[in-house]
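Computed from a predicted structure; not experimentally measured.
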Amino acid sequence: MQNDRIRYFSSDRRPRPMSKPLVPPALAHFVASTAGRNMTRPAYVAVGAGVAMMVLLTVDPAYEAAHHWVDAVLWACLAFFVFEWVVRLRHAFVTKREWSYLASGRGLVDAVAAAAIPVALVVGGNPKSAWLFGIFWMLKVVPGVPGLRQLRRVLVVESGPLLSVLVIFLMVLFLASVAMYFLERDVQPVAFGSVPAALWWAVVTLTTVGYGDVVPITPLGRLIAAFVMICGLGVFGLWTGILATGFAAQTRATIFSSPGSR
């Protein structure tokens with residue numbers, strides 16, 4: 001009797017076979033990485049392939065030769081971004097942070113990347129034009145670029161000086177437009193017949209592009225044009241100096257705040 005009890009209990013202690021996981025470990029790791037709002041390697045591949053196929057879509061000979069492959073890759077990329085959006089939405093609802101995610105910049109980018117093309121197709125848009133919304137996929141890589149995060153901090157810190165230079169730029173722009181309209185409207189009524197028409201010349205000149213399609217011909221008009229060109233060099237020189245100084249200050253702050261610098 002005692003031997004039977006020992007045999008009974010010992011039989012219960014035998015290891016039972018472990019059940020197989022319902023989700024493969026690789027898929028579980030991918031879902032966890034995606035839910036953390038990080039750009040995964042498949043996401044980078046999807047962005048690159050999707051944008052490349054979108055470009056080929058606009059080249060008629062290339063699209064006619066490989067339209068099956070182009071369409072397949074585009075739909076696969078769209079399915080990937082929809083799946084990514086759904087995973088992040090589910091994670092946000094589970095962690096009770098749905099409004100924080102939906103209102104964030106990354107949440108808006110995810111929504112546009114997943115929904116813009118289907119909405120355009122549903123409302124009856126041209127398929128080739130609808131797939132052009134795939135350009136928004138490129139915005140998904142922005143949060144993963146460290147230099148862009150530093151640029152955002154520089155723009156916030158140096159917003160005051162940058163806006164001051166912008167005010168100078170706009171003042172010169174409109175003053176030059178009105179002056180050229182006053183001086184050139186009689187001799188060039190087509191090119192300078194209105195202030196908005198003269199504004200195009202002022203933008204081209206102040207940015208030092210100089211297309212040459214519209215030029216002043218009166219002596220005083222040319223004198224003002226030379227002044228506008230010099231102001232353009234000064235304005236963009238100021239912007240460049242402000243941004244360079246801000247980047248240098250942010251780089252020094254990052255270096256001195258790192259643990260290895262102490």
Side-chain angles (χ1 to χ4, degrees), residues 47 51 54-55 58 103-106 108-109 112-113 132-258:
V47 170
V51 172
M54 185 199 67
V55 173
T58 64
S104 66
R106 185 170 294 188
L108 293 175
V109 169
V112 171
L132 293 179
F133 285 106
I135 196 65
F136 290 111
W137 295 343
M138 295 186 66
L139 297 177
K140 297 176 72 68
V141 306
V142 171
V145 181
L148 293 178
R149 291 197 296 268
Q150 187 176 9
L151 175 61
R152 182 180 61 184
R153 290 194 297 268
V154 170
L155 291 176
V156 171
V157 173
E158 304 293 341
S159 59
L162 290 173
L163 289 175
S164 299
V165 179
L166 177 61
V167 171
I168 297 174
F169 178 86
L170 294 176
M171 288 176 59
V172 175
L173 186 70
F174 283 99
L175 288 173
S177 301
V178 173
M180 295 306 293
Y181 167 72
F182 178 75
L183 295 172
E184 299 284 334
R185 61 180 175 178
D186 294 331
V187 293
Q188 297 189 79
V190 176
F192 296 96
S194 64
V195 172
L199 191 63
W200 163 253
W201 168 87
V203 171
V204 172
T205 306
L206 191 56
T207 55
T208 68
V209 174
Y211 284 125
D213 55 342
V214 178
V215 294
I217 59 177
T218 61
L220 193 54
R222 291 184 175 181
L223 182 63
I224 293 177
F227 173 75
V228 172
M229 295 176 197
I230 296 172
C231 288
L233 293 174
V235 165
F236 284 96
L238 285 173
W239 269 329
T240 304
I242 293 169
L243 291 176
T245 303
F247 266 108
Q250 287 293 326
T251 303
R252 286 196 299 269
T254 302
I255 293 174
F256 287 119
S257 62
S258 60

What heavy-atom pair brings A198 and S177 nearest, and what distance separates the two atoms? CB-O, 3.4 Å
I need the minimum non-hydrogen distance between V172 and C231, along with the two atoms involved. CG1-CB, 4.0 Å
Nearest non-hydrogen partners of G134 and V51, listed with the distance: O-CG2, 4.4 Å
The single option from V178, I168, L206, V235 that satisfies side-chain contact (heavy atoms from CB on, under 4.5 Å) with L173 is L206
Any side-chain donor-acceptor pair under 3.5 Å between E158 and T245? no
For residues V157 and Q250, determine if any side-chain heavy atom of one lies less than 4.5 Å from a side-chain heavy atom of the other. yes
Run the side chain to side chain donor-acceptor pair (under 3.5 Å) test against W239 and tell me which residues pass, sequence neighbours left out. none
Ignoring hydrogens, what is the shortest heavy-atom contact between W200 and D213? Give both atom names and the distance. NE1-OD2, 3.3 Å
d(D186 CG, F192 CZ) to nearest 0.5 Å is 12.5 Å
Is V156 close to R153 at the side-chain level, that is, under 4.5 Å between some pair of heavy atoms? no
State whether the number of non-hydrogen atoms from other residues, nucleotides or ligands found under 6.0 Å of F247 atom CZ is greater than 12. yes
Atom pair CD1/CE of I135 and M54 - distance to nearest 0.5 Å: 4.0 Å
Heavy-atom distance under 4.5 Å between the side chains of L243 and L155, does that happen here? yes
May I ask you to test the M171-V167 pair for a side-chain heavy-atom distance under 4.5 Å? yes
So, do M229 and T208 sit near enough that their side-chain heavy atoms are less than 4.5 Å apart? no
Write down the atom of P216, the atom of Q188, and the distance for their closest heavy-atom approach. CA-NE2, 3.8 Å
So which of T205, V204, L199 actually passes side-chain contact (heavy atoms from CB on, under 4.5 Å) with W201? T205
Kindly check if the number of other-residue, nucleotide or ligand heavy atoms within 6.0 Å of CZ (F182) is above 12? no
For T218, is there any backbone N or O sitting under 3.5 Å from a side-chain donor or acceptor partner on E184? yes
What closest approach, in Å, do V214 and A191 show between heavy atoms, and which atom pair accounts for it? CG1-CB, 3.6 Å
List the steps, then state whether side chain to side chain contact (heavy atoms under 4.5 Å, CB included) holds for F133 with V112. CA-CA 9 Å; F133 285 106; V112 171; over 6 Å; no
